[in-house]
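Notes for the one structure printed next.
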Amino acid sequence: MTNLTPVSAGKAPTRYGRLGFIAMIVVLQCAPVLAFELDDAAKSNVASSPQTGVSWLSGGVGDEAMAEMHKVSSAYNVHLMLTGQHGNYLAGIPFTVSRHSGQVTVSGVTEGPLLYLKLPAGRYQIAVEIDGAWQTRRVQVSASGQATKVRFVAKGE
C-alpha cells in the first residue's frame, strides 16, 4: 500500500508514494490526448466521392460512429458487416462490387466494420479481401424493399 500522507502533516512521502504521485500526473496529462484520439476515431465514417457513380458509406469505429451509420442505413440498399471469427470488428478491408457481367461497379477500402452501398437493382458480386484471401458473395438487389444484408467473417485468426 502506498503512503499518501501529505507532506504538510510532518511526514515525508515514501519512495512509492512519490512514484505513484508521478505516475498519476503522467496519466492525467495523457488523458486529453487519448480522449481526442478516440473522439476522432468515432467520427471516421467515410462516404464515397460523388464521381464514383455508386454511393457508399463506410465506418462504424466507436459507439458514436456506429450510431451515425445506423441513422442513415435506410438510404442504402446493401449493408455489409466485416468481422473476425470471434465477432471482433474489422477495418481497412479492400472491397469490390461487380455487375453480374463482371464489370467492376465500385471498389475501395473500408474505414470500419460497416459498409453501406446504394446500388441500382440487379445482380452483383461483392468481394472483400480479409487476411490476404478474397471472399465473394453474389447478391440480388431489388428496386424496393428491405436492404440486402451480407456478413463477411475472417476465415482464420
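What you are looking at is a predicted structure, and each value in this text was computed from that prediction instead of being measured.
The hydrophobic cluster containing Met81 also contains Val72, counting ILVMFWY residues as joined when their side-chain heavy atoms lie under 4.5 angstrom apart, directly or transitively. Ile126 and Val104 fall into different hydrophobic clusters, defined by Ile, Leu, Val, Met, Phe, Trp and Tyr side-chain heavy atoms under 4.5 Å apart, directly or through other members.
Applying the salt bridge (charged side-chain N to carboxylate O under 4.0 Å, His left out) definition to pairs two or more places apart or across chains, those involving residues 71-88 are Glu68-Lys71. Pairs of residues two or more places apart, or lying in two chains, that qualify as side-chain hydrogen bond (donor to acceptor under 3.5 Å, both in side chains) and include a residue from residues 112-124 are Arg99-Tyr124, His100-Arg123.
Atom CG of Asp131 is separated from atom CD1 of Ile93 by 7.0 Å, given to the nearest 0.5 angstrom.
Judged by distance alone, with hydrogens and angles left aside, the side-chain atoms of Thr83 form no donor-acceptor pair with the main-chain N or O of Tyr89 at under 3.5 Å. At distances below 3.5 Å, not a single donor-acceptor pair connects side-chain atoms of Thr96 with backbone N or O atoms of Ser107. Of the possible donor and acceptor atoms, none in the side chain of Thr110 sits under 3.5 Å from a partner among the backbone N and O of Ser58. Judged by distance alone, the side chain of His79 and the main-chain N or O of Ala147 form no donor-acceptor pair under 3.5 Å.
Residue Ala91 comes nearest to Gly112 through the heavy atom pair CB-CA, 3.7 Å, listed as atom of the first residue, atom of the second, then distance. Considering every non-hydrogen atom in both Tyr76 and Leu117, the closest pair reads CB-O, 3.4 Å. Closest non-hydrogen pair, Ala154 versus Gly84, comes out as CB-CA, 3.9 Å. Heavy atoms only, all atoms of each residue included: Ala143 and Ala121 are closest at N-CB, 3.7 Å. The two residues Trp134 and Phe95 come nearest to each other via the heavy atoms CZ3-CA, 4.4 Å. The two atoms that bring Glu111 and Val61 nearest to each other are O-CG2, 3.4 Å, heavy atoms only.
The ring-ring contact (aromatic ring centres under 6.0 Å, His included) check on Phe152 picks up nothing, with sequence neighbours excluded.
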What pairs of donor and acceptor atoms, side-chain ones from residues 135-142 against any protein atom, are under 3.5 angstrom apart with sequence neighbours left out?
{"unit_1": "Gln135", "atom_1": "NE2", "unit_2": "Val153", "atom_2": "O", "d": "2.9"}
{"unit_1": "Arg137", "atom_1": "NH2", "unit_2": "Arg151", "atom_2": "O", "d": "3.4"}
{"unit_1": "Arg138", "atom_1": "NH1", "unit_2": "Gln125", "atom_2": "OE1", "d": "2.7"}
{"unit_1": "Ser142", "atom_1": "OG", "unit_2": "Ser144", "atom_2": "O", "d": "2.5"}

